[in-house]
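In the text below, chain A, chain B and the rest are named by the order of the sequence lines, each starting its count at 1. We use all heavy atoms of the structure for the numbers below, so side chains are in, but hydrogens, waters and symmetry mates are not.
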2 protein chains.
Amino acid sequence: MPAEASTSRPASPPLTERQEARRRRILHASAQLASRGGFDAVQMREVAESSQVALGTLYRYFPSKVHLLVATMQDQLEHMHGTLRKKPPAGDTAAGRVAETLMRAFRALQREPHLADAMVRALTFADRSVSPEVDQVSRQTTAIILDAMGQPDPTPEQLSAVRVIEHTWHSALITWLSGRASIAQVKIDIETVCRLIDLTEPGRPAR
Amino acid sequence: MPAEASTSRPASPPLTERQEARRRRILHASAQLASRGGFDAVQMREVAESSQVALGTLYRYFPSKVHLLVATMQDQLEHMHGTLRKKPPAGDTAAGRVAETLMRAFRALQREPHLADAMVRALTFADRSVSPEVDQVSRQTTAIILDAMGQPDPTPEQLSAVRVIEHTWHSALITWLSGRASIAQVKIDIETVCRLIDLTEPGRPAR
DNA sequence: ATCAAGTCTGAAACTTGTTCTAGATTAGCG
DNA sequence: CGCTAATCTAGAACAAGTTTCAGACTTGAT
């Protein structure tokens, strides 16, 4: 029973069971260390030791610390998408549902602020060499938002709005994590940007 | 004639002339190295050498690489605010003027993409210890946007919109810098988010 | 079962951000 | 001028990400 997740890796070379296990151990150690002290606490030597893997092996699985943390984020996002699916938001408007969904995710992050720090910092610090992985995270986030909107077939305008929402989401998280914005502030920003969705409700002249 | 900029540092201890000169040399070296190879090319030893200052001194002036790059950004932003002031945007709507202003800034960044990379990456990677400096950058950005709106006395709603615009601006830059979004895409995102301004034009029922 | 290719391990080495130290220089002051 | 505190310099030292390498272990195919 090899649990193959639906939205996962390209799975270039299929991993053996032991390799899959190593990969899981590494991701687990990464998340654990991150939960403690955030980005800085995820030290490659420690991750290697915690996951019972040689440093060189760690680097074979994840070519850099940022790759590792972005993969950790993919992992967590899948989790969250699953959780969110179970109890879909109940608002009347698409904007309200999206805002509610993002606030739910935000509350989850608040429970593990250090982990959030590690993941989000890695995500925005990632350079070109991590683009595919970051893109995957972005697609997953988009999927979550579209789910909340309940629009299986969004217009280009709506996709633009979703992109802007994602931008705001990431950047607002950053300001919260670095102590420059309060939780309340983040909430306001999310609600504000979600209004863009109403603005692009189909049946409106585009411009 | 000690040119004291209007929006500058708290100037805790006033610097002597030679110190001011050192500071300028450092910032200049930083910008120069950044223009070459972006974030990675700004190596503290090189900055120290280029600016004819000992490594320890560099760290006395800027307590970390991120501090240095954020200060570099403040410097460049002041420049840009000055430039933008000279030719204010000409659009009819506030949203249009803000979008035009940001696109103008964006085109300036496109001319020095490596410098942009160094500054923006530093900005979003900055942790709590750099909050005051990052905040200053944020205030300066807000000032530029409010200038473009031509609203000397914005409502709280408008301030929220401006915050969201800044979020989008930063995050969109990141996606462009890491090659995940095209210039055209960034343009669309900026234009999309600027619509929020019309939405909060005074004289509208606030919800 | 055996062999070749690929993978993993442990340890050292290298890079770059950051810290520390001892001595030289400078600034402000009486 | 001559003193004292602060600042600056050169350079070593340390920390953590990354690379490298020789040898042991697995895997897959014959």
Fill in: With B:Tyr59 via ring pair (Phe, Tyr, Trp, His ring centres under 6.0 Å) - residues at least two apart
none

Discussion item. Under the rule for ring pair (Phe, Tyr, Trp, His ring centres under 6.0 Å), what residues qualify as partners of A:Tyr61, not counting sequence neighbours?
Written reply: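 Not a single residue meets the ring pair (Phe, Tyr, Trp, His ring centres under 6.0 Å) criterion with A:Tyr61.
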
Discussion item. With a 6.0 Å cut-off (strictly less than), is the heavy-atom count around NE2 of A:His28, excluding the residue itself, greater than 12?
Written reply: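 No, not enclosed.
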
Item to complete: Would you classify B:Tyr61 as touching base, sugar-phosphate or nothing, given that sugar-phosphate means primed atoms plus P, OP1 and OP2, and contacts are heavy atoms under 4.0 Å?
Response: sugar-phosphate

Over how many whole Å does the gap from [X] atom [atom1] to [N] atom [atom2] extend?
X       : N     : atom1 : atom2 : answer
A:Ile26 : C:dC8 : CD1   : P     : 9 Å
A:Glu20 : C:dT7 : CD    : C1'   : 16 Å
B:Glu17 : D:dT7 : CD    : P     : 18 Å

Worksheet entry | Partners passing side-chain hydrogen bond (donor to acceptor under 3.5 Å, both in side chains) against A:Ser64 (at least two apart in sequence or in another chain) | A:His67

Fill in: Contacts of type side-chain hydrogen bond (donor to acceptor under 3.5 Å, both in side chains), residue A:Thr142, not counting sequence neighbours
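A:Glu166.
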
Discussion item. Among A:Met119, A:Met80, A:Arg24, A:Arg23, which residue satisfies the side-chain contact (heavy atoms from CB on, under 4.5 Å) criterion with A:Asp75?
Written reply: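 Testing each of A:Met119, A:Met80, A:Arg24, A:Arg23 against A:Asp75, the sole residue satisfying side-chain contact (heavy atoms from CB on, under 4.5 Å) is A:Arg24.
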
Fill in: Strand-adjacent residues in residues 124-133 of chain A, judged by heavy atoms under 4.0 Å from DNA chain C
none

Discussion item. Please enumerate all residues that pass side-chain contact (heavy atoms from CB on, under 4.5 Å) together with B:Glu112, with sequence neighbours excluded.
Written reply: B:Ser35, B:Leu115

Does any pair with a residue in [range] pass ring pair (Phe, Tyr, Trp, His ring centres under 6.0 Å), and if so which ones, sequence neighbours excluded?
range                       : result
residues 133-169 of chain A : none
residues 125-150 of chain A : A:Phe125-B:Phe39, A:Phe125-B:Phe125
residues 102-122 of chain B : B:Phe106-B:Trp176

Response to the item:
Readout for nucleotides 9-17 of chain C: B = base within 4.0 Å of protein heavy atom, S = sugar-phosphate only, - = neither; 5' to 3' it is BB--B--BB

Item to complete: Treat primed atoms plus P, OP1 and OP2 as sugar-phosphate and everything else as base, then score nucleotides 24-30 of chain D 5' to 3': B for base contact with protein heavy atoms under 4.0 Å, S for sugar-phosphate contact only, - for none.
Response: --SS---

Discussion item. Please confirm whether the shortest side-chain N or O distance from A:Gln19 to OP1 or OP2 of C:dC8 is below 4.0 Å.
Written reply: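 Yes, such a contact exists.
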
Would you list the atom pairs, donor with acceptor, under 3.5 Å between side chains in residues 44-56 of chain A and any protein atom, with sequence neighbours excluded?
{"from": "A:Ser50", "atom 1": "OG", "to": "A:Glu46", "atom 2": "O", "distance (Å)": "3.2"}
{"from": "A:Ser51", "atom 1": "OG", "to": "A:Val47", "atom 2": "O", "distance (Å)": "2.6"}
{"from": "A:Ser51", "atom 1": "OG", "to": "A:Ala48", "atom 2": "O", "distance (Å)": "3.4"}

